[in-house]
Amino acid sequence: MFLRLGSCDWIRSKRNLLVTGPCGVGKSWLACALGQKACRDDLSVLYHRVPRLFADLALARGDGRFPKVIRGLARADLLILDDWGPEPLTPDQRRDLLEIVEDRYDAGSILITSQIPVDRWYELVGNPTLADAILDRLVHNAYRLELSGDSLRKNRAPVPNA
């Protein structure tokens with residue numbers, strides 16, 4: 001399946017990809033590898049860590065750049081949202097995520113990485129109406145990679161004390 005995803009046809013077809021699994025199994029690495037391959041195939045890619053993206057959107061709302069930032073997120077062929085779900089969404093974050101997925105639906109692909117299984121994303125969104133709207137646009141046209149295993153970070157050699 002990963003080799004098929006490497007063709008980037010899923011991006012050209014405006015499908016999504018949801019990569020889940022425990023900490024350290026390589027979700028972000030795989031997302032970045034697919035993003036890099038998309039760039040080599042002349043597709044535009046934006047990468048954001050979700051906690052920082054929501055902080056940036058809150059600042060943009062305050063200084064008047066919000067519409068411009070949201071438009072920028074809608075333009076890329078692939079939007080990578082890395083590390084979603086450590087904390088439930090706030091009301092502003094729910095609305096922002098709905099704007100993002102609505103703007104991109106049938107217009108561009110989203111790749112999301114998360115330690116939280118997809119079947120628990122509903123509770124992360126919080127508001128049932130917004131959760132239905134967001135997840136309907138994300139999940140139903142998405143490929144899923146559910147990773148398992150030990151953290152790859154455990155295999156690294158220890159750093160000697162200075």
Side-chain angles (χ1 to χ4, degrees), residues 1-63 65-90 92-118 120-121 124-125 130 134-135 137-149 151-153 156:
M1 180 179 183
F2 191 77
L3 291 175
R4 210 171 51 207
L5 292 170
S7 73
C8 298
D9 288 340
W10 63 280
I11 300 170
R12 290 181 194 90
S13 299
K14 297 168 180 44
R15 306 260 324 252
N16 298 326
L17 174 60
L18 313 176
V19 182
T20 58
C23 181
V25 294
K27 299 177 300 293
S28 298
W29 190 91
L30 291 173
C32 289
L34 289 169
Q36 184 184 60
K37 175 63 166 75
C39 288
R40 288 195 317 261
D41 287 359
D42 293 323
L43 297 166
S44 57
V45 178
L46 286 175
Y47 169 94
H48 287 279
R49 285 195 68 254
V50 173
R52 289 185 187 155
L53 174 62
F54 285 136
D56 291 346
L57 289 171
L59 285 174
R61 184 178 286 104
D63 66 17
R65 295 178 299 116
F66 185 79
K68 181 180 178 182
V69 173
I70 288 291
R71 280 193 308 272
L73 294 172
R75 281 196 288 260
D77 295 313
L78 173 62
L79 175 62
I80 299 173
L81 299 177
D82 191 17
D83 200 23
W84 182 48
E87 300 173 345
L89 298 179
T90 67
D92 282 343
Q93 291 170 343
R94 286 181 207 126
R95 287 188 296 275
D96 292 348
L97 185 57
L98 179 59
E99 289 297 318
I100 292 166
V101 299
E102 174 64 26
D103 287 351
R104 298 190 59 75
Y105 188 72
D106 281 339
S109 297
I110 300 175
L111 189 165
I112 295 179
T113 70
S114 180
Q115 292 181 42
I116 310 300
V118 174
R120 292 191 37 222
W121 287 8
L124 288 176
V125 175
L130 291 178
I134 291 167
L135 296 179
R137 288 162 177 81
L138 279 178
V139 174
H140 298 297
N141 74 343
Y143 292 100
R144 293 188 194 187
L145 282 179
E146 296 173 6
L147 306 178
S148 60
S151 173
L152 298 173
R153 293 182 187 102
R156 290 187 177 170

**side chain to side chain contact (heavy atoms under 4.5 Å, CB included) between Thr90 and Phe54, worked out** = CA-CA 10 Å; Thr90 67; Phe54 285 136; over 6 Å; no

**Item:** Residues that Gln115 engages under side chain to side chain donor-acceptor pair (under 3.5 Å), provided they are two or more places apart
**Value:** none

**Request:** Output all residues satisfying salt bridge (charged side-chain N to carboxylate O under 4.0 Å, His left out) with Glu102, sequence neighbours left out; order by chain, then residue number.
**Result:** Arg137

**Prompt:** Any sub-3.5 Å donor-acceptor pair from Lys27's side-chain atoms to Ser114's backbone N or O?
**Reply:** no

**Message:** If we ignore hydrogens and angles and just use 3.5 Å, is the side chain of Gln36 paired with the main-chain N or O of Ala33 as donor and acceptor?
**Reply:** no

**Asked** With sequence neighbours left out, what residues match Asp82 under salt bridge (charged side-chain N to carboxylate O under 4.0 Å, His left out)?
**Response** none

**Item:** Carboxylate-amine/guanidinium proximity below 4.0 Å for Lys14 and Asp106
**Value:** no

**Item:** Smallest separation among heavy atoms of Gly26 and Leu147, with atom names
**Value:** C-CD1, 4.4 Å

**Item:** Minimal non-hydrogen separation, Arg49 against Asp83, with atom names
**Value:** NH2-OD2, 2.9 Å

**Asked** Closest heavy-atom contact between Ile134 and Arg94?
**Response** CD1-O, 3.6 Å

Please set out all donor-acceptor pairs under 3.5 angstrom arising from side-chain atoms of residues 68-81, sequence neighbours excluded.
residue, atom, partner, partner atom, Å
Asp77, OD2, Ser44, N, 2.8
Asp77, OD2, Ser44, OG, 3.2

**Item:** Asp92 side chain reached by Arg95 side chain, heavy atoms, under 4.5 Å
**Value:** yes

**Prompt:** Judged by atom type as modelled, is there a donor-acceptor pair below 3.5 Å linking the side chain of Asn16 to the main-chain atoms of Leu138?
**Reply:** yes

**Request:** For Arg15 and Asn141, indicate whether the former's side chain and the latter's backbone hold a donor-acceptor pair under 3.5 Å.
**Result:** yes

**Item:** Least distance between heavy atoms, Ala107 atom then Asp103 atom
**Value:** CB-O, 3.6 Å

**Asked** Per the side chain to side chain contact (heavy atoms under 4.5 Å, CB included) rule, which among Leu145, Leu30, Leu17, Val19 passes with Thr113?
**Response** Val19

**Complete:** All heavy atoms of Trp84 vs all of Leu89, minimum pair found to be NE1-CD2, 3.5 Å

**Item:** Value rounded to 0.5 Å, distance of OH in Tyr47 from SG in Cys39
**Value:** 13.5 Å

**Complete:** By salt bridge (charged side-chain N to carboxylate O under 4.0 Å, His left out), Lys37 pairs with (sequence neighbours left out) Asp41

**Message:** Checking Ile100 against Leu53 for the side chain to side chain contact (heavy atoms under 4.5 Å, CB included) test, could you report, in this order, the C-alpha distance in whole Å, the side-chain angles of both residues, the deciding distance, and whether it holds?
**Reply:** CA-CA 11 Å; Ile100 292 166; Leu53 174 62; 4.1 Å; yes

**Donor-acceptor contact present, side-chain Trp121 to main-chain Ile116, <3.5 Å** = yes

**Any residue meeting salt bridge (charged side-chain N to carboxylate O under 4.0 Å, His left out) with Asp9, in chain and number order, not counting sequence neighbours** = Arg12

**Request:** For Leu5 and Trp10, work out which heavy atoms get closest and say how close.
**Result:** O-NE1, 2.9 Å

**Message:** Just verifying a value: how many Å separate Glu99 CD and Leu97 CG, rounded to the nearest 0.5 Å?
**Reply:** 10.0 Å

